[in-house]
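To find a chain, count down the sequence lines: A is the first, B the second, and so on, and within it residues start at 1. Computed over heavy atoms, backbone and side chain alike; hydrogens, waters and symmetry mates excluded.
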Amino acid sequence: MIKRGEASAQQAENAKIIAEAGVDSNDRAAVLQAFLNNFSRVVIEKIQPLEKLDEQRRQAIFDAESLKAERNTVSKEVGRRKANKEPADDLLAGMKEVADKIKELEKKVENIDQTMNDLLMTIPNVPSPATPVGHDETANLEVHKYGTPKDFAFAPKDHVDLGANLGILDFERAGKLTGTRFSVLMGQGARLERALINFMLDVHTQKHGYKEVLPPFMVNSNSLRGTGQLPKFEQDLFKLQGFDYYLIPTAEVPVTNLYAGEILKESDLTLSLTAYTPCFRSEAGSYGRDTRGLIRQHQFDKVELVKFCKPEDSYSELEKLLSDAEQILKLLDLPFRTVALSTGDLGFSAAKTYDIEVWLPSQKCFREISSCSNFEDFQARRAQIRFKGNDPKSKPSLVHTLNGSGLAVGRTWLAIVENYQDENGRIFIPEVLRPYLGGATHIEPEK
RNA sequence: GGAAAGGUGGCCGAGUGGCUUAAGGCGCACGCUUGGAAAGCGUGUGUAGGUCACACUACCGCGGGUUCGAAUCCCGCCCUUUCCGCCA
């Protein structure tokens with residue numbers, strides 16, 4: 001769920017494929033076969049019709065253009081004759097039908113475009129060869145590990161209890177104000193959130209070379225199509241009534257779409273941007289999961305990293321972006337591991353994704369705190385983001401886009417609260433954050 | 001929300017139905033000139049589809065319409081600027 005908005009829908013779809021095949025989800029071979037069958041079905045139902053449609057489309061465009069060429073020639077001659085006060089009735093005869101025929105052909109092209117687009121927009125990106133193959137998250141590959149989970153001499157509390165005792169986290173009042181899956185931060189809790197945002201932005205802008213962006217928190221449907229959330233994952237989004245506006249599920253959407261429809265200069269690449277935004281997700285289909293605490297909220301803060309680069313650079317840039325995100329956890333000295341997602345766990349738009357997972361003492365497991373992906377040219381094609389070399393004769397080509405959380409602030413907040421608690425319920429502040437908290441070394445109950 | 005004026009190539013800017021194939025200028029690139037530069041002169045200078053390459057087609061904010069023919073006329077929408085109202 002820090003995973004992009006579509007992830008839950010993707011998982012639901014995987015579950016549906018398994019259910020429809022009627023196989024035991026623990027039977028690996030049967031599940032794999034079910035996915036292969038589904039893949040064949042997708043090829044037959046979606047890819048094959050595209051070939052025929054493409055052919056029809058080309059023919060219709062060719063016919064229409066031939067007629068247009070004729071029309072232009074005739075119209076020009078009409079203009080010439082009228083200027084000379086010569087009659088042109090013989091030329092005008094039949095041209096009305098040509099115009100109608102052109103309109104008809106254009107309508108046909110439009111219909112084919114619509115049909116093709118509807119199909120194409122629902123086809124996910126092709127996983128990179130570097131993505132491990134597997135049918136779900138159990139096939140994910142651990143690639144990095146940092147730190148050692150602390151051995152508490154007492155039973156560690158979770159952040160809900162710690163936050164309530166310290167008076168810094170309130171779910172009940174958030175429920176009153178809005179509803180479930182919302183929270184209120186108070187006092188040092190609110191300040192810790194703000195400190196984390198500033199800390200992350202400062203590290204990325206000052207140490208990692210990103211340019212800071214503060215985008216709109218609402219975007220139109222076109223932007224969401226560009227990054228791949230629409231049309232397939234509308235149910236994951238909050239839509240504003242009476243507007244073609246949606247609350248952003250991640251800063252990825254406004255920041256990646258900054259350059260939609262534009263041609264960037266090759267010398268400006270790699271372009272690295274970072275943005276703090278709140279993120280809004282409906283979490284449809286995740287009922288009953290992570291209902292306690294800050295893990296899964298309808299609104300959470302995130303600092304996002306986004307890169308636009310040349311195709312040949314995108315995989316080295318992904319490694320850099322990942323290490324930039326990991327650096328935040330290292331500076332905060334929070335134990336984590338990084339996994340490469342398998343093909344079965346990969347989101348709709350990504351070619352390769354790393355998840356960074358932070359250690360949570362209360363759950364005694366690693367939980368996702370960042371997701372870093374290379375989309376190759378998938379988003380660039382949808383959003384038409386291109387670049388061009390200095391040679392004026394060179395044709396524009398699609399950039400590669402990447403993004404990753406750097407990090408999910410809410411989950412970082414709770415990771416700090418849980419990992420840095422002491423037996424008295426106080427929270428130790430990591431040294432790098434102290435300047436952002438007025439030099440405080442601990443969060444303790446207010447007198 | 002109300003009123004008015006606008007939206008044309010990388011930029012400025014002309015263009016009220018047909019030699020517009022978007023004038024002219026700036027900028028940029030190349031060439032001539034020069035000891036070198038500037039100035040001057042000349043040539044070129046958007047995107048996409050299409051083609052071996054041409055031809056050809058589309059694009060003057062977006063979408064419709066009228067017409068043989070639309071940057072130009074009509075309708076709707078979006079955005080910008082200014083004024084008023086409201087507001088932070």
Could you state the CZ-P distance from A/Arg57 to B/G49, rounded to the nearest angstrom?
-> 10 Å
Taking atom types as modelled and ignoring hydrogens, do the side chains of A/Glu418 and A/Ser362 form a donor-acceptor contact shorter than 3.5 angstrom?
-> yes
Can you tell me how far P in B/G6 sits from the matching atom in B/G61, rounded to whole Å?
-> 14 Å
Is the phosphate of B/U66, meaning OP1 or OP2, less than 4.0 Å from a side-chain N or O of A/Lys103?
-> yes
Map A/Ala99 and A/Thr73 onto RNA chain B by nearest heavy atom, then report which one ends up closer to the 5' terminus.
-> A/Thr73
Out of B/U57, B/G69, B/G18, minimum distance to the side chain of A/Ala69 belongs to B/U57
Round to the nearest Å and state the distance from A/Phe62 atom CZ to B/A55 atom C1'.
-> 11 Å
N/O (side chain, A/Arg386) to phosphate O (OP1/OP2, B/A48) under 4.0 Å | yes
Residue-phosphate contact under 4.0 Å: A/Arg80 side-chain N/O, B/G18 OP1/OP2 = no
Look at A/Asn72 and B/C68 and indicate whether a side-chain polar atom (N or O) is within less than 4.0 Å of OP1 or OP2.
-> no
Determine whether any donor atom in the side chain of A/Glu65 lies under 3.5 Å from an acceptor atom in the base of B/G50, or the reverse, and answer yes or no.
-> no
Separation between the C1' atoms of B/A39 and B/A71, rounded to whole Å | 37 Å
State whether A/Arg81 and A/Glu77 are salt-bridged, where the test is any N-O pair (Lys NZ or Arg NE/NH1/NH2 against Asp/Glu carboxylate O) under 4.0 Å.
-> yes
Under a 3.5 Å limit for both distances, which nucleotide forms a Watson-Crick or G-U wobble pair with B/A23, could you say?
-> none
B/C54 -> Watson-Crick or G-U wobble partner, both distances under 3.5 Å, gives none
In whole angstrom, give me the gap between the P atoms of B/U8 and B/A88.
-> 35 Å
A/Arg367/A/Asp290 ion pair, N-O < 4.0 Å | yes
Hey, does A/Val74 reach any base, or is it just sugar-phosphate, or nothing, if we go heavy atoms under 4.0 Å?
-> nothing
Starting at CG of A/Asp63 and ending at C1' of B/G50, how long is that distance when rounded to a whole Å?
-> 14 Å
Could you state the CD-C1' distance from A/Glu110 to B/A58, rounded to the nearest angstrom?
-> 15 Å
For the pair made of NZ in A/Lys101 and C1' in B/U57, what is the distance, rounded to whole Å?
-> 18 Å
For B/G46, which nucleotide is its Watson-Crick or G-U wobble mate, given both distances must be under 3.5 Å?
-> B/C59
Between B/G35 and B/A29, how far is it from one P atom to the other, in whole Å?
-> 23 Å
Across all strands, who's sitting opposite B/G17 as a Watson-Crick or G-U wobble pair, both distances under 3.5 Å?
-> none
Which nucleotide in the set B/G18, B/G50, B/U57 lies at the smallest distance from any side-chain heavy atom of A/Arg58?
-> B/G50
Are A/Thr274 and A/His204 linked by a side-chain donor-acceptor pair shorter than 3.5 Å?
-> no
Paired nucleotide for B/C32 [Watson-Crick or G-U wobble; both distances under 3.5 Å] = B/G40
Could you tell me the separation between the CE atom of A/Met95 and the P atom of B/U66, rounded to a whole number of Å?
-> 16 Å
Distance between C1' atoms of B/A22 and B/G15 (Å, rounded) | 8 Å
Please say which of A/Lys239, A/Glu234, A/Gln229 ends up in a side chain to side chain donor-acceptor pair (under 3.5 Å) with A/Tyr246.
-> A/Glu234
Tell me: CG of A/Asp244 to P of B/C62, nearest whole Å?
-> 18 Å
Nucleotide forming a Watson-Crick or wobble pair with B/A3, both distances under 3.5 Å = B/U82
N-O pairing of A/Glu283 and A/Arg181 below 4.0 Å = no
What integer number of Å spans the P atoms of B/U33 and B/G46?
-> 27 Å
What integer number of Å spans the P atoms of B/C56 and B/G2?
-> 48 Å
Touch check for A/Lys82, heavy atoms < 4.0 angstrom, all strands: base, sugar-phosphate only, or nothing?
-> base
Provide the distance between the two C1' atoms, one in B/C60 and one in B/A48, to the nearest whole Å.
-> 16 Å
A/Glu97 has an atom CD; how far is it from atom P of B/G69, in whole Å?
-> 12 Å
Under-4.0 Å side-chain N/O to phosphate OP1/OP2 contact, A/Lys96 with B/U67 = yes
Are the side chain of A/Asn222 and the backbone of A/Arg225 linked by a donor-acceptor contact shorter than 3.5 Å?
-> no
Ranking A/Ile61 and A/Leu92 by the position along RNA chain B of their nearest nucleotide, the one closer to 5' is A/Ile61
In Å and rounded to the nearest 0.5 Å, what is the NZ to OG1 distance from A/Lys68 to A/Thr73?
-> 13.5 Å
